[in-house]
Amino acid sequence: MDKILEAHNLHKKFDGISALSNFSCFVEENEILGLIGPNGAGKTTLFNAVTGFLPLDLGEVYFYGKQTNNKSPYKIVADGISRTFQDLRLIRQLPVMDNVLLSFQDQTGEKLSSVFFQKNKISQTESWNRMKAESLLEYTDLSELANELAGNLSYGQQKLLSIVCCLATDAKLFLLDEPVAGINPAMREKILSIIEDQKKEGKSIVIIEHDMDFIMEICNRVIFMDAGEKISEGTPDEVRNDPKVIEAYLE
Ligand SMILES: Nc1ncnc2c1ncn2[C@@H]1O[C@H](COP(=O)(O)OP(=O)(O)O)[C@@H](O)[C@H]1O
Ligand SMILES: [Mg+2]
C-alpha cells in the first residue's frame, strides 16, 4: 500500500508541556486508521498540525510527497485533506444546506474577476454544488432538515452534518475527531456505515475515538498515543493487547 501522508518527528509544546513529542506516523492509501489515547494525549494537536491550524515547533508533514506543514488550512483542504472538529464548528445561525454549500471547494462566485467575466460559470457551479449538496443530504437522511438552522439540530444530527461538510470537500483523506462521541446507537451505526462507504470509494480516514468497540469494528490499523508520544501501533487486536496500552489505561 502507498503511504499518502507521512509525518516526521513532530514536536509541539504548550507552556513547556509536550503535546507532540518526536511523533511520526503515516496514513496508507484507502485505509481506516484509528488514533486512540487518553484525554490530553495530543490527538487533536496532531490533526491541528496536519491541517495547518497549528504551527509545529519542529517536524514535517508530507501529503502525496509534497510538504504541507508550511501551508494554510485552506490550501491543505484544497490539496485533499479535510477534517471535522471535536467542537463541530458549524455555522449555527445558517441553514443546514448553507453549511454544506460553504464547504465546497469550488466557490467560483467568491472571486471578484469571476463576478465580471464568468457569470454563466458561477451559476453553473452554484447549481452543480446545490445538486451535490442535495444528494449528500439525501444520502445521510438530512434532506428534511435542509432549511433548518444548524443550531436547531440535535447534537447527533449536528455531528452528522459536520461529517457531511467534511465529505463535501471531496478530499482524499478525512480526519474525524471523535465522530461518534456522545451520540445514540442509531446515529453511531449511520456514521459507521458512512465511513465504510468512504473507504469503499477509495478514501483514507483517520478516526480519533474513545469508543474502543467502534475502533475495533472499523479500523484496519491503530496508533495509541500518550503525552504526545506514540506508545503502540498495529492491528486493533495487537494494540488492545499491548501491555503498554493496558498499563496506560489502568494508570
Ligand atoms: N491551543 C492550545 N493551547 C494550549 N495548550 C493546548 C492547546 N491545544 C492543546 N493543548 C494542550 O496540549 C495537550 C494535548 O491536547 P489535545 O491534543 O487536545 O489532546 P487530545 O485530543 O488527545 O485529548 C493537552 O495538555 C492540552 O491541554
Ligand atoms: Mg481531542
Side-chain angles (χ1 to χ4, degrees), residues 5-27 32-61 68-74 76-77 81-90 155-156 158-163 165-166 171 173-183 187-188 191-192 195 204-216 218-219 221-234 236 239-240 242 244-251:
L5 182 115
E6 291 186 63
H8 297 296
N9 311 105
L10 308 187
H11 288 265
K12 181 71 193 177
K13 275 189 181 175
F14 294 107
D15 303 323
I17 296 171
S18 279
L20 292 173
S21 178
N22 205 26
F23 187 91
S24 299
C25 68
F26 60 85
V27 180
I32 304 183
L33 170 66
L35 188 58
I36 61 170
N39 279 330
K43 306 180 297 295
T44 298
T45 301
L46 177 66
F47 277 13
N48 287 340
V50 168
T51 52
F53 283 86
L54 193 71
L56 287 160
D57 298 337
L58 261 178
E60 291 116 42
V61 181
T68 61
N69 56 289
N70 40 15
K71 292 189 179 177
S72 68
Y74 177 79
I76 292 173
V77 179
I81 306 178
S82 178
R83 68 173 298 182
T84 64
F85 291 88
Q86 229 172 314
D87 58 3
L88 306 186
R89 303 203 190 174
L90 296 168
Y155 181 64
Q158 289 188 26
K159 279 211 125 151
L160 182 60
L161 177 57
S162 74
I163 292 170
C165 291
C166 185
L173 170 63
F174 298 118
L175 309 180
L176 306 180
D177 202 341
E178 304 197 13
V180 297
I183 61 172
M187 189 59 89
R188 180 186 185 279
I191 289 174
L192 185 111
I195 296 172
S204 303
I205 305 109
V206 183
I207 305 173
I208 294 175
E209 192 50 72
H210 289 290
D211 181 337
M212 271 305 268
D213 292 335
F214 190 82
I215 291 286
M216 300 297 291
I218 200 168
C219 296
R221 201 160 63 85
V222 176
I223 290 174
F224 173 84
M225 64 187 297
D226 195 8
E229 290 182 39
K230 191 198 284 174
I231 307 293
S232 182
E233 181 173 16
V239 171
R240 186 167 60 172
D242 184 337
K244 289 183 292 223
V245 176
I246 296 167
E247 192 186 319
Y249 271 120
L250 290 177
E251 266 172 5

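Ligands are counted one by one from 1 in listed order, and the atoms in each one are counted from 1 as well.
At under 3.5 Å, not a single nitrogen or oxygen of Phe14, backbone or side chain, sits near a nitrogen or oxygen of ligand 1. Residue-to-ligand polar distances place Gly42 within reach of ligand 1: an N/O pair is separated by less than 3.5 Å. At a 3.5 angstrom cut-off on N or O pairs, Thr44 counts as close to ligand 1.
Close approach of ligand 1 to Asn39 (heavy-atom distance below 4.0 Å) involves ligand atoms 23 (O). Near Ala41, the atoms of ligand 1 lying under 4.0 angstrom from a non-hydrogen atom of the residue are 19 (O), 20 (P), 22 (O). Every atom of ligand 1 with a heavy atom of Ala19 under 4.0 Å away is listed here by number and element: 12 (O), 13 (C), 14 (C).
Between Pro179 and Thr84 there is no side-chain heavy-atom pair separated by less than 4.5 Å. Counting heavy atoms from C-beta on, the side chains of Asp87 and Arg89 come closer than 4.5 Å. Side-chain contact between Asp242 and Phe224: absent, with no pair of heavy atoms (C-beta onward) separated by less than 4.5 Å. Under the 4.5 Å side-chain criterion, counting only non-hydrogen atoms from C-beta, Arg240 is not in contact with Val245.
Checking Ala227, Ala49, Gly40, Gly228 against atom 20 (P) of ligand 1, the nearest heavy atom belongs to Gly40.
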Q: Please assess Thr68 against Val50 for the test side-chain contact (heavy atoms from CB on, under 4.5 Å), listing each intermediate value before the final yes or no.
A: CA-CA 8 Å; Thr68 61; Val50 168; 5.7 Å; no
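In this structure, Lys159 contributes its side chain and Glu178 its backbone to a donor-acceptor pair below 3.5 Å. At least one donor-acceptor pair under 3.5 Å links the side chain of Asp57 to the backbone N or O of Lys13.
When distances from atom 22 (O) of ligand 1 to the protein are checked, a heavy atom turns up under 4.0 Å. Within the 4.0 Å cut-off (strictly below), a protein heavy atom is located near atom 13 (C) of ligand 1.
Distances from the Mg ion (ligand 2) show that Thr45 has no N/O/S atom below 2.8 Å. For the Mg ion (ligand 2), the set of nearby N, O or S atoms under 2.8 Å includes none belonging to Asn39.
A cation-pi arrangement is present between Lys12 and Phe14, with the terminal nitrogen or guanidinium carbon under 6.0 Å from the aromatic centre and inside a 45° cone about the axis.
Here the options are Leu175, Leu33, Ile32, the test is side-chain contact (heavy atoms from CB on, under 4.5 Å), and the partner is Ile207; only Ile32 passes.
Of the protein's heavy atoms, Thr45 OG1, 3.6 Å lies nearest to atom 16 (P) of ligand 1.
Within the 4.0 Å heavy-atom shell around ligand 1 one does not find Gly37.
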